[in-house]
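This one's a predicted model, so the numbers in the text were calculated from it and none came from an experiment. Lettering of chains follows the sequences in order, A, B, ..., and the numbering in each one begins at 1.
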Number of protein chains: 2
Amino acid sequence: MASHGARGRSGGRPTLEEVAARAGVGRGTVSRVINGSPRVSDATRAAVEAAVAELGYVPNTAARALAANRTDAIALVVPEPETRFFAEPYFSDMLRGVGAEISDTEMQLLLTFAGSDRERQRLAQYLAAHRVDGVLLVSVHADDPLPDLLAQLEIPAVISGPRSSAETLPSVDSDNYGGARQAVEHLLSRGRRRVAHITGRLDVYGAQRRVDGYRDALSDAGHGVDEALIEAGDFSEEGGHRAMRALLERHPDLDAVFAGSDVTAAGARQALREAGRRIPDDVALVGYDDSAIARHMDPPLTSVRQPIEEMGRRMIDLLLTEVADRRPLASRGLDRRQMVLATELVVRSSS
Amino acid sequence: MASHGARGRSGGRPTLEEVAARAGVGRGTVSRVINGSPRVSDATRAAVEAAVAELGYVPNTAARALAANRTDAIALVVPEPETRFFAEPYFSDMLRGVGAEISDTEMQLLLTFAGSDRERQRLAQYLAAHRVDGVLLVSVHADDPLPDLLAQLEIPAVISGPRSSAETLPSVDSDNYGGARQAVEHLLSRGRRRVAHITGRLDVYGAQRRVDGYRDALSDAGHGVDEALIEAGDFSEEGGHRAMRALLERHPDLDAVFAGSDVTAAGARQALREAGRRIPDDVALVGYDDSAIARHMDPPLTSVRQPIEEMGRRMIDLLLTEVADRRPLASRGLDRRQMVLATELVVRSSS
DNA sequence: ATCACTGATGGGAGCGCTCCCACACTACCT
DNA sequence: AGGTAGTGTGGGAGCGCTCCCATCAGTGAT
């Protein structure tokens with residue numbers, strides 16, 4: 001009956017007010033029932049619930065967001081181009097965990113890429129508009145300005161891997177250092193002596209930690225670390241291929257490779273093949289992630305499993321707590337919530 | 001300073017009203033500028049734009065959604081479990097096209113899975129709450145109730161593949177029939193005579209059309225159609241594996257297989273290997289989709305390329321038109337917008 | 001001069017909710 | 001008896017926008 005709202009009450013779309021009238025109570029009471037407040041008598045609650053059911057009432061989220069200044073949505077931000085996202089199982093596994101966990105809640109998940117400058121622009125706008133209550137940051141590079149932007153906007157955020165040992169944001173990570181040690185120790189125990197390492201992107205802290213683990217595993221076993229056996233990769237297949245070729249050129253006699261990711265290992269495998277090296281006869285190969293690729297590779301790839309799905313779940317948990325507490329900055333330094341999950345070596349025939 | 005809104009004007013978050021004051025104009029005028037209405041003089045527009053820039057004004061979407069009764073968001077609905085989504089390149093390619101196209105607009109994309117009953121429940125709620133302006137339906141099965149629900153809620157929708165030849169919703173599809181014909185004709189031209197077909201999920205119309213194309217290509221070439229050479233798959237790798245085994249059992253002498261998807265072909269390849277058949281020497285193999293899998297397979301897979309990314313783009317175009325026109329039902333039957341894009345056979349060494 | 005128009009503008013009303021204050025009531029103390 | 005807490009409840013105010021109507025020039029026609 002409103003002047004411009006007269007698009008006909010057709011579809012129904014009952015309002016809180018209508019539910020209240022139907023149940024014979026006030027607006028506030030219905031709101032309390034909808035939002036699960038305990039301050040409602042059982043009888044009233046029942047009456048309201050009946051009215052809600054009869055009318056098929058569904059809250060209008062826009063109105064709620066406007067009045068309550070929250071959106072019931074969080075964003076998963078991937079600071080990579082879409083192509084990389086789909087190429088790397090790490091991301092999709094993470095998304096799966098996140099999706100599973102969030103579907104138990106009323107929250108809505110937004111998938112956002114911030115690979116190109118244009119996308120980053122849009123994202124900044126988006127965040128500035130406070131269209132999400134919280135943000136999940138996956139695979140952040142050391143110099144990424146996003147965390148600072150979020151802090152400035154006072155938007156709660158959780159990060160998948162800390163940016164450094166002095167990370168201020170809550171984070172969930174796997175034990176990169178320990179995982180790398182496991183991999184290298186395994187190779188050594190198999191009698192391999194010239195173990196190379198193709199790193200991940202070194203501006204990702206976790207990749208650095210894997211290098212540390214690689215180094216320490218060798219030193220602790222009484223082997224020296226030959227820097228020429230370390231070659232930088234970037235988590236990609238091409239990167240793995242390129243790095244492997246470089247390593248073979250410098251060290252034709254290497255007998256094992258620990259790759260920074262399964263995808264990297266796939267690239268390395270290709271290069272090894274091209275060079276006529278057999279796996280694992282001539283060169284043993286170990287990957288990281290234990291993604292689907294590892295199982296499907298020929299030969300099946302030994303890999304360090306990190307519980308990526310669980311990491312996703314935990315991130316959501318942390319973030320929702322953060323959002324509920326509404327103390328994005330206040331909590332820092334007090335109880336820094338940095339979670340580290342254990343890894344596990346899955347041995348297959350490539351090593 | 002409102003009573004409860006007094007959470008401190010800290011963050012800034014200027015409102016329309018503040019911009020109006022700054023620019024020395026009325027609220028309505030600022031709104032007009034923001035929304036690109038032509039009914040504003042150049043001088044005023046410039047003044048408002050300056051104020052917007054100075055204040056760093058970003059519209060509050062919740063308020064806009066409430067007042068204008070729209071959300072500026074559309075949902076991409078995948079009626080499959082998450083696992084399948086990530087396993088099948090079809091979906092991610094589609095998403096890539098959709099994402100690319102939509103990033104040119106102000107619209108927001110929501111990724112929604114409706115694989116489990118629980119997810120479908122949530123989705124229904126979500127749609128009932130009118131939290132999106134439009135819906136993109138990908139890979140809908142014949143008996144899916146979702147399209148009807150959308151029609152009932154008067155939410156514009158576009159479907160990726162029609163559910164039948166009598167589809168009422170606007171749709172974008174590739175030429176499944178023609179693509180299948182190309183594949184089979186190619187195999188015949190290579191001298192193959194016992195060409196088998198592993199179908200997709202037959203409750204997907206496109207999969208049926210591929211079977212039709214397979215049949216007609218054989219008949220038109222003067223070959224009979226042996227029904228025992230057709231085995232039902234489900235687009236999955238396991239399905240392809242299973243179907244291939246069944247086919248080999250029935251027809252040990254088959255010399256070619258046209259698989260309903262690249263993933264299916266991957267499963268078939270595995271089964272062929274296990275049976276000691278060489279590709280393409282003993283059995284030629286052709287897939288469908290021309291996804292990344294096809295290029296990486298060993299041997300590289302001949303496949304029917306469908307322009308999936310472009311399909312995604314076109315779907316967005318259609319949907320946005322539909323949303324803009326706000327004539328979800330009215331348009332039907334008048335100018336049914338059914339778009340069909342051409343396919344192309346990409347020949348590699350598997351055939 | 002008067003009367004239509006037209007284009008640009010200001011601002012009231014209203015979107016559907018949440019928050020909070022006020023108001024009964026009902027216990028339970030002094 | 002009067003005070004003091006609690007409970008449950010109703011409803012005003014306000015969130016920041018869009019929509020629309022009224023207003024006010026300006027312009028050309030009568």
Side-chain angles (χ1 to χ4, degrees), chain A residues 1-9 11-21 23-48 52 55 57-72 106 128-131 326, chain B residues 1-9 11-21 23-48 52 55 57-72 106 128-131 326:
Chain A
M1 315 307 147
S3 47
H4 75 276
R7 45 194 149 74
R9 299 239 116 270
R13 296 285 265 140
T15 69
L16 240 206
E17 191 108 38
E18 287 162 18
V19 174
V25 300
R27 232 171 46 253
T29 302
V30 176
S31 178
R32 258 165 246 136
V33 172
I34 300 293
N35 293 292
S37 158
R39 309 222 145 296
V40 182
S41 71
D42 290 346
T44 308
R45 180 183 309 278
V48 171
V52 166
L55 262 38
Y57 170 76
V58 181
N60 178 320
T61 24
R64 179 181 292 194
L66 178 59
N69 198 34
R70 60 192 167 83
T71 63
D72 288 335
E106 289 287 278
H130 281 254
R131 288 184 68 163
R326 287 269 176 198
Chain B
M1 302 316 159
S3 47
H4 74 278
R7 46 192 148 73
R9 301 240 113 270
R13 295 283 264 141
T15 69
L16 239 206
E17 192 107 38
E18 286 163 15
V19 174
V25 300
R27 231 172 47 252
T29 303
V30 176
S31 178
R32 258 164 247 138
V33 172
I34 299 293
N35 294 291
S37 156
R39 308 223 145 295
V40 182
S41 71
D42 290 346
T44 308
R45 179 183 309 278
V48 171
V52 166
L55 263 39
Y57 171 75
V58 182
N60 179 321
T61 23
R64 178 180 289 184
L66 178 58
N69 198 36
R70 63 193 164 83
T71 64
D72 289 335
E106 289 287 280
H130 281 255
R131 288 183 68 163
R326 286 269 175 199

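When all heavy atoms are compared, the tightest approach of I34(B) to Y57(B) is CD1-CE2, 3.8 Å. When all heavy atoms of L55(A) and P14(A) are compared, the pair lying nearest together is O-CG, 3.4 Å.
Nucleic acid contact for R27(B): base, since at least one base atom lies under 4.0 Å from a heavy atom of the residue.
Here the CZ-OG1 distance, from R39(A) to T29(A), works out to 13.0 Å after rounding to the nearest 0.5 Å.
The shortest distance between the side-chain N/O atoms of S31(A) and the OP1/OP2 oxygens of dC17(C) is not below 4.0 Å. OP1 or OP2 of dC15(C) has not a single side-chain nitrogen or oxygen of N60(A) nearer than 4.0 Å. OP1 or OP2 of dT18(D) has at least one side-chain nitrogen or oxygen of N35(B) nearer than 4.0 Å. The shortest distance between the side-chain N/O atoms of S41(B) and the OP1/OP2 oxygens of dG7(C) is not below 4.0 Å.
Atoms CG (N69(B)) and P (dG16(C)) sit 8 Å apart, rounded to a whole Å. Remark: P of dG8(D) and CZ of R45(A) are 10 Å apart, rounded to the nearest angstrom. The CZ-P distance, from R131(B) to dC17(C), rounds to 13 Å in whole Å. dT18(C) atom P lies 8 Å from atom CD1 of I34(A), rounded to whole Å. Distance CG (L16(B)) to C1' (dG11(C)): 13 Å, rounded to an integer number of Å. E17(A) places its CD atom 12 Å from the C1' atom of dG12(D), with the value rounded to the nearest Å. R70(B) has its CZ atom 10 Å from the C1' atom of dC17(D), to the nearest Å. The separation between H130(A) atom NE2 and dG16(D) atom P is 12 Å, rounded to whole Å.
In this structure, of dC17(C), dT7(D), dC15(D), it is dC15(D) that holds the atom nearest to the side chain of L66(A). Nearest nucleotide to the side chain of V25(A), out of dG10(D), dT18(D), dA8(C): dG10(D). Set against dG11(C), dC15(D), dA8(C), the side chain of R32(B) has dG11(C) as its closest nucleotide. For T15(B), the listed nucleotide lying nearest its side chain is dG16(D); candidates were dG16(C), dG16(D), dG8(D). Between dT18(C), dG16(C), dT18(D), one nucleotide has an atom nearer to the side chain of A63(A) than all others, and that is dG16(C). Residue T29(A) places its side chain closer to dG10(D) than to any other of dG10(D), dG11(C), dC17(C).
At a threshold of 4.5 Å between non-hydrogen side-chain atoms, the residues N60(B) and T15(B) do not count as touching. In this structure the side chain of T44(B) never reaches within 4.5 angstrom of the side chain of R32(B), judged on heavy atoms.
Of the two residues near DNA chain D, A62(B) and G28(B), the one whose nearest nucleotide lies more 5' is A62(B). Checking V30(A) against T44(B), the closest nucleotide of DNA chain C that is more toward the 5' end is the one next to T44(B).
Considering T71(B), N69(B), L16(B), D72(B) in turn, D72(B) is the only one that fulfils the side-chain contact (heavy atoms from CB on, under 4.5 Å) rule with R64(B).
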